[in-house]
Amino acid sequence: MPRGSAQKNAQPTAAILDSQSVKNTATSTARMGYDAGKRIKGRKRFFLVDTLGNLLASCVVAANCHKGTTAAKVWDALSLPNELLDQVRTVFVDGGFGRRFYQQLAQCGIQAQVPTGVLARKGRFFIHAKRWVVERSIAWAGNNRRLAKDYERKIAHANAWLYVATIRRIARLA
């Protein structure tokens, strides 16, 4: 849903960040790795969404990159050219992002918070009060057949498909 039709300010003050490891196909051979925690050979997608689930920024990296370290490295690259992130003061993340990412955000005047309210538990998977929005956005992206696995040879093309999926979703709502 566009922020204007939800009677929200055009620039969000809070965002939610999460990552998703996706398997690759034989065509996606550039910059891939093995995520030992999830046992997936492929790439890792970072989703930064507003509180309505709209994609603000995204990044695709090799799956063997630690999410906290990688997010700290790419935060400036994502936020500098993006006017949508100028007013963001709070970023909700999970506990896996770590101290380095929290320090990087603090230098930018942004507070990183780990939500504590658990809405649902399913085995080792917990849905938190604020972070369910990014999980829903990742599921919306997964509705596009092209994003079920990583088919793209180049990282830039894989990242572009995340934006295409968001545009398709918003166009259906209009």
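Quantities reported herein were computed from a predicted structural model and do not represent experimental measurements. Hydrogens, waters and symmetry mates are skipped; everything else that's a heavy atom, side chains included, is used.
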- Message: I need the minimum non-hydrogen distance between Gln104 and Trp75, along with the two atoms involved.
- Response: CG-CB, 4.3 Å
- Message: Quick one: does any side-chain atom of Thr90 pair with a main-chain N or O of Ala14 as donor and acceptor, under 3.5 Å?
- Response: no
- Item | 4.5 Å side-chain heavy-atom contact, Val93 and Phe101 | yes
- Query: Got Val60 and Trp161 here, is their nearest side-chain heavy-atom distance under 4.5 Å?
  - Reply: no
- Task: Could you tell me whether the side chain of Trp140 reaches within less than 4.5 Å of the side chain of Asn143, counting heavy atoms only?
- Result: yes
- Grab the two heavy atoms, one from Ser137 and one from Gly53, that are nearest each other, plus how far apart they are. OG-O, 2.8 Å
- Audit row: Asn24, Lys41, side chain to side chain contact (heavy atoms under 4.5 Å, CB included) steps and yes/no: CA-CA 7 Å; Asn24 70 317; Lys41 181 182 176 185; 4.2 Å; yes
- Considering non-hydrogen atoms only, spot the tightest contact between Cys65 and Thr70 and give its length. CB-OG1, 3.1 Å
- Should Phe92 and Val133 count as side-chain neighbours, where that means a heavy-atom distance under 4.5 Å? no
- Task: Answer yes or no: is there a side-chain heavy-atom contact under 4.5 Å between Phe47 and Thr166?
- Result: no
- Item | Donor-acceptor side-chain pairing of Arg169 and Asn144 below 3.5 angstrom | no
- Message: Looking at every non-hydrogen atom in both residues, tell me the closest pair between Val74 and Cys59 and how far apart they are.
- Response: CG1-SG, 4.0 Å
- Message: Among Val134, Leu48, Val49, Leu105, exactly one meets side chain to side chain contact (heavy atoms under 4.5 Å, CB included) together with Leu17. Which residue is that?
- Response: Leu48
- Residue pair Asp94 / Lys67, side-chain heavy-atom distance below 4.5 Å: yes
- Message: I want to check something: taking the side chain as every heavy atom from C-beta on, are Arg100 and Lys73 in contact at a cut-off of under 4.5 Å?
- Response: yes
